[in-house]
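Taking it in order: structure first as structure tokens, then the write-up.
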Amino acid sequence: MKPYQLILPVLLICSLAQAQQSYTTIKSGETQAEILKKAADITPTPRQLRWQQLELTAFFHFGVNTYTNREWGTGKENPEIFNPTKLNAEQWVKIAKDAGFKQVILTAKHHDGFCLWPTKTTVHSVKSSPWKNGNGDVVKEVADACKKYKIGFGIYLSPWDMNAAVYGTEAYNDFFIDQLTELLSQYGRIDEVWFDGANGEGPNGKKQDYDFNRWYAHIRKLQPTATIAVMGPDVRWVGTETGYGRETEWSVLPTDNLDQNVVSANSQAEMNIKPLGFLQGSDIGGRDKLKNAKGLVWYPAETDVSIRPGWFYHPTEDSKVKSPEKLLDIYYHSVGKNSVLLLNIPPNTDGLISEVDVKNLKAWTKLRAETFKINLARGAKITSPNGIYTKALLDGKYNTSWTTKANDSTAIIELDLKTSKTFDVISLQENISIGQRIEKFTVEYWNATRWEIASQGTTIGYKRLIKFKPVKARKVRLKIEQSRLNPTISEIGLFKQP
Ligand code: FUL
């Protein structure tokens, strides 16, 4: 290659590198327009983009609480109570895979400090239990099942540890590093590390100052592709444990409130701190929130919720497993609201996912499959007066996208379905590898005499799903009424729920 042949690619890479940043600072005196432009150009890191595209991840809360019938333990449990005689991690993972989950996260250690792997750091583990005569390793069984079924594997390691004698002293940060080292080096690839915000007292009544920065650096070193969630820099808690994300969900946030200690306090706000913290705000990344920002960062939302009222298995909740219809509604309000759904499916005392959970998961999967099987927009004739790359809208490829000419921030995309069709769900996706930009949109259909509104919304982001009352129409249009910069749309879908 001649030197001049290098110039164009190098320039391209430089300009991309400049435009594509997951973080930026704001200098004092920058105008509102300059800040908005910067926000529109913030993009996810490769690890965040991979994570967002998973859409569905599963949580397995399992441990001594499963046997004491509690949600939070004490750290004083006798390890002998842990005995999942029929434990079959392949059953858990296959159920998750069949339901469309792309990754699972296991509670390797919850707040009680009991470790589901034979750690060298404490005797409070499976090693001291009768299960497999103390030779079992739940982390390994789940990790191996994930490899077999080719889905991602993540670990939940509770910073709060009610059992560790060193908790509340600087030595605990070393102890925690040792636990991370074991988990991140003995089980192959780890795709997500999930830190909870709960920070209570240890066995000697002391609280701990968590050395998050040191832990993050360690994770980056041992598992550079893993996302660090919730009490971490890559993924944010959506702010509720109901499964219902917010109407306006920005993945770009002002950095001012994102100090980990503040996040930690806020992540438990629902349970014990009033008034609700910023993570529970109805819009935490809108224009007025960016006005005085010191920095901007890509920090997307994860919606965690349990299929049962509790996170751990309780026999009395066998009759309270969320119905397929409820799970579908949650899907629309989590995955369909620019977030990843982290659905908890707690194994029971036998070490199996209970039949009723399996049944409801299957029926939910069937509902989704039937709804999203046929994109009724396929084959439509598309017109978009100020749009370019219109073909990308229906090519089924996320990384190709429509946008507007000359940086227009409003646009209309009209679909002629060629025959009249009945639909009640629209799916819209922005190309977030370019940024999240759309602030306001309306979906309309032609009722043979005039345009009628089917639905309206604010943000779209990676995915927006909207369910409305069924309409029969031949023409549909998306009006993008406000955007931070030229909007992009990767895919449009119209569906009919059975
Ligand atoms: C919370 C914990 O305190 C719960 O027990 C559960 O693990 C949930 C996912 O996060 O903060």
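In this text, all values refer to a predicted model and were calculated from it rather than measured experimentally.
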> Which word best sums up how the rings of Tyr210 and Tyr172 line up, parallel for under 30°, tilted for 30 to 60°, or perpendicular for over 60°?
Replying inline: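 Because their plane-to-plane angle lies in the 30° to 60° range, the rings of Tyr210 and Tyr172 count as tilted.
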Ring centroid separation [X] to [Y] under 6.0 Å:
X: His110; Y: Tyr156; result: yes
X: Trp451; Y: Tyr445; result: no
X: Phe195; Y: Phe176; result: yes
X: His333; Y: Tyr331; result: no

> Got Val305 and Thr242 here, is their nearest side-chain heavy-atom distance under 4.5 Å?
Replying inline: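 Not touching, per the 4.5 Å side-chain cut-off.
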Ignoring hydrogens and geometry, is there a side-chain-to-backbone donor-acceptor pair from [X] to [Y] under 3.5 Å?
X: Glu444; Y: Glu452; result: no
X: Glu30; Y: Lys27; result: yes
X: Thr45; Y: Gln48; result: yes
X: Asn173; Y: Asp209; result: yes
X: Glu71; Y: Gly310; result: no
X: Asn386; Y: Asp408; result: no
X: Tyr398; Y: Glu430; result: yes
X: Ser483; Y: Asn486; result: no

> Among Phe372, Phe423, Tyr332, which one satisfies ring-ring contact (aromatic ring centres under 6.0 Å, His included) with Phe495?
Replying inline: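 Exactly one candidate clears the test, Phe372.
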> What pairs meet the side chain to side chain donor-acceptor pair (under 3.5 Å) rule with one or both residues in residues 285-298, with sequence neighbours excluded?
Replying inline: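 Side chain to side chain donor-acceptor pair (under 3.5 Å) check on residues 285-298 returns Arg287-Glu439.
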Any carboxylate oxygen within less than 4.0 angstrom of a Lys/Arg side-chain nitrogen, looking at [X] and [Y]?
X: Lys469; Y: Asp424; result: no
X: Arg246; Y: Glu249; result: yes
X: Asp98; Y: Lys94; result: yes
X: Lys38; Y: Glu34; result: no
X: Arg236; Y: Glu302; result: no
X: Asp191; Y: Lys102; result: no
X: Asp144; Y: Lys147; result: yes

How long is the straight-line distance from [atom2] of [Y] back to [atom1] of [X], given to the nearest 0.5 Å?
X: Asp329; Y: Leu367; atom1: CG; atom2: CG; value: 11.5 Å
X: Thr442; Y: Arg477; atom1: OG1; atom2: CZ; value: 9.5 Å
X: Trp117; Y: Leu183; atom1: CH2; atom2: CG; value: 4.0 Å

>> Is it the case that over 12 heavy atoms from other parts of the model lie below 6.0 angstrom from the NZ atom of Lys381?
In response: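 Count not over threshold, so no.
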> Hey, is NZ on Lys467 packed in by over 12 heavy atoms from elsewhere, all under 6.0 Å?
Replying inline: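 Yes.
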> Can a donor-acceptor pair be found between the side chains of Asp304 and Trp237 at a distance below 3.5 Å?
Replying inline: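 Note: Asp304 and Trp237 side chains meet the donor-acceptor criterion.
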> Quick one: do the Thr488 and Asn431 side chains pair a donor with an acceptor below 3.5 Å?
Replying inline: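 No.
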> Can you check ring-ring contact (aromatic ring centres under 6.0 Å, His included) on Trp72 and Trp311, steps first, answer last?
Replying inline: CA-CA 10 Å; Trp72 280 7; Trp311 291 102; over 10 Å; no
> Is it the case that Arg47 places NZ or CZ above or below the six-membered ring of Trp51, under 6.0 angstrom from the centre and within 45 degrees of the axis?
Replying inline: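 No, Arg47 and Trp51 do not form such a contact.
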> Can a cation-pi geometry be assigned to Arg484 and Trp250, taking NZ or CZ under 6.0 Å from the six-membered ring centre and within 45° of the ring axis?
Replying inline: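 Output yes; distance and angle both within limits.
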>> For a salt bridge (Lys or Arg N to Asp or Glu O under 4.0 Å) check, start with the C-alpha distance between Asp234 and Arg50, then their side-chain angles and the critical distance, and finish with the verdict.
In response: CA-CA 11 Å; Asp234 302 319; Arg50 182 200 80 88; over 6 Å; no
> Can you name the residues that form a side chain to side chain donor-acceptor pair (under 3.5 Å) with Asn375, not counting sequence neighbours?
Replying inline: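 Counting only residues at least two positions away or on another chain, Asn375 forms no side chain to side chain donor-acceptor pair (under 3.5 Å).
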